[in-house]
Protein chains: 2
Amino acid sequence: MSSDSHIHLIPIEHKQTACTDCSIRRLALFHGVDEKDLDWTQQYRSNQFTIAPRKEIYRETQSSDYMFTVYHGWVAVYKTLDSGKRQIIRIALPGDMLGFQPDLQAVMTHSAMALSETVLCGFPSKAMPELLRKNLSVARRLTELNARDMNICQSRLLTIGQQSAIERVAFFCSELFHRIKMIYNHQQDTAIHFPLSQEDIGDATGLTKIHVNRTLKTLREMGLMEISSKTLSIHDVNSLCELGNFNPDSVKIHSLY
Amino acid sequence: MSSDSHIHLIPIEHKQTACTDCSIRRLALFHGVDEKDLDWTQQYRSNQFTIAPRKEIYRETQSSDYMFTVYHGWVAVYKTLDSGKRQIIRIALPGDMLGFQPDLQAVMTHSAMALSETVLCGFPSKAMPELLRKNLSVARRLTELNARDMNICQSRLLTIGQQSAIERVAFFCSELFHRIKMIYNHQQDTAIHFPLSQEDIGDATGLTKIHVNRTLKTLREMGLMEISSKTLSIHDVNSLCELGNFNPDSVKIHSLY
DNA sequence: CGAGGGATTGAGATTCATCAATCTATGTGG
DNA sequence: CCACATAGATTGATGAATCTCAATCCCTCG
């Protein structure tokens, strides 16, 4: 990626966090790495960056010098058509990887944009093959995270291909709700911060923002859930998951450790 | 997987093919493995199997003792809803992997079914971690194949979420056409064997079989393509790809070798 | 206090699904 | 080799889900 397309990524000069102290390591790439090796693996995390909401992290058809781990915030991964239509492929949350490609020459096949104030850990792509060769824990973990992303992508295909508007929205919100709760270990909460606009939800579920609005109204009237002032409140988790055919267990990362 | 659910997989006792002679190795898991190591890696390919059309290879919610490489034939990978609706996630063709999971304990998150007379190479799941640890070429190749499957899955999401019926069908058929031509190196052919029913196409594109029928009729009348007696004939490749927003380059496996 | 982006609602058009019937190709048993 | 059975393909008619266009409202921010 040429440096001018990086203008949105602001390197954190001071107060970078240390991998040894990382509160979300159990979710991320260095889960499973021996404590004594963490200082060494951290060398491959060359920088942390902050990005403002709605700013691009990288763009389809361009190459990227980094792969990232989300440390804090929400990121939308999406593809666009020439017509301007946009499909959000997944929402990356703390611990999730962004922009890994085994082929360093290949250009990105999707774009990524911060949805909220976001902090990323950056790993120079060039050094990844070496890291994966020298530390098998990281290599295995990468495979796990890939497999989990794949499962999420496939489930999303099922939803969008075969479910109705209300089922898709129920699925989408259930998934994010459960992922957030797993990340922050707040099992008792019934509401989460939710920075997506109705248009974002539409781009993720394959619906127009107008139909999303009507669908959310229905869900509210059914007493299942409600979104207002960037907060998602779930009033009836079980019914919502059932409506969306969402299985809460599917958000777990099946880890070998 | 309990053995009784394996009844459709018929082990080939005689005339198993050798990895050293494999005509599709450039596409498959052992691409990049040193010639001298192939006899050793082949030990991990414990069996070849044949499966009749429409027979299940493995099923969602069950575990599988094997992961597979498609050696010959067409395989549908799909998920189903309680309502009975089915979403075909991808079509696996010769060289493609099936059923790899990093966590041996985890159950399959999708089902797989042969669409034609199919031959699979079986790799016992239990031995995969050892193979990946001992041969880094295989490990790297697995990562490449995963990344490629991920790209295909994400492109499919874009199609199904954002394109119209005719665009989706055009995309779907273009993709399979180009993949088959790449596999068999028949760049000049304008027709391929195509074992899917119209209902299969519908399950892959998120449409009903009736609407698929009408869409195919339109594509035929537009002079773009035609399916008859299990043969897909492309009359105007460029227009078809353009209509479906399909990029022929996307089917290439970006290989490091 | 004004501007602008998102949210909300209405009306009408379009796409696609559903239901139902017929047709065609393929394979099977007698 | 024929009669029948069956699955897939085709067409028509109708209705529901979702999109598009347009207007208004509301909230936030400068």
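In what follows, chains are A, B, ... by sequence order, proteins preceding strands, each numbered from 1.
- The CG-P distance, from Asp200(A) to dA7(C), rounds to 9 Å in whole Å.
- Backbone-only contact: Gly206(B) has heavy atoms under 4.0 Å from sugar-phosphate atoms and none from a base.
- Distance from the side chain of Asn213(A) is smallest for dA7(C) among the nucleotides dA20(C), dA7(C), dC16(C).
- In this structure, Leu216(A) atom CG and dT9(C) atom P are separated by 11 Å, rounded to whole Å.
- Of all nucleotides listed (dT18(D), dC16(C), dG6(C)), dG6(C) comes nearest to the side chain of Ser197(A).
- Looking at which nucleotide of DNA chain D each of Gln198(B) and Thr208(A) is closest to, the 5′-most match is held by Gln198(B).
- The interatomic distance linking Lys230(B) (NZ) with dA7(D) (C1') rounds to 10 Å, in whole Å.
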inquiry  = Would Lys209(B) and Asp203(B) count as a salt bridge (Lys or Arg N to Asp or Glu O under 4.0 Å) here? Give the steps.
reply    = CA-CA 8 Å; Lys209(B) 58 185 173 185; Asp203(B) 288 349; over 6 Å; no

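- The residue Lys209(A) sits apart from the nucleic acid: no heavy atom pair falls under 4.0 Å.
- Distance, Ile210(A) CD1 to dG5(C) P: 16 Å, rounded to whole Å.
- Atom CD in Glu199(B) sits roughly 14 Å away from atom P in dT10(D) (whole-Å rounding).
- Of all nucleotides listed (dC16(C), dT20(D), dT10(D)), dC16(C) comes nearest to the side chain of Ala165(B).
- Each of Ser229(A) and Arg168(A) was assigned the nucleotide of DNA chain D with the nearest heavy atom; the assignment lying further toward the 5' end belongs to Arg168(A).
- You'll find that the side chain of Arg214(B) is closest to dG12(D), out of dA7(C), dG12(D), dT20(D).
- Among the atoms of the strands shown, only primed sugar atoms or phosphate atoms (P, OP1, OP2) are found under 4.0 Å from some heavy atom of Ser164(B).
- Aromatic pair Tyr66(B)/Phe49(B): ring centres closer than 6.0 Å.
- Closest to the side chain of Lys217(A), from the set dT9(C), dC16(C), dT11(D), is dT9(C).
- Following rounding to the nearest Å, Ile201(B) (CD1) and dA9(D) (C1') show an atom-to-atom distance of 12 Å.
- If you check every strand for non-hydrogen atoms under 4.0 Å, Leu207(B) touches sugar and phosphate atoms only.
- For the pair Asp203(A) CG and dT18(D) P, the interatomic distance rounds to 17 Å; values are reported in whole Å.
- Looking at Arg86(B), its side chain never comes within 3.5 Å of a backbone N or O of Leu81(B) through a donor-acceptor pair.
- Protein atom CZ of Arg54(B) is 19 Å distant from nucleotide atom P of dT6(D), rounded to whole Å.
- Thr17(A) and Gln48(A) form a side-chain donor-acceptor contact under 3.5 Å, judged by distance and modelled atom types alone.
- The aromatic ring centres of His110(A) and Tyr58(A) sit less than 6.0 Å apart.
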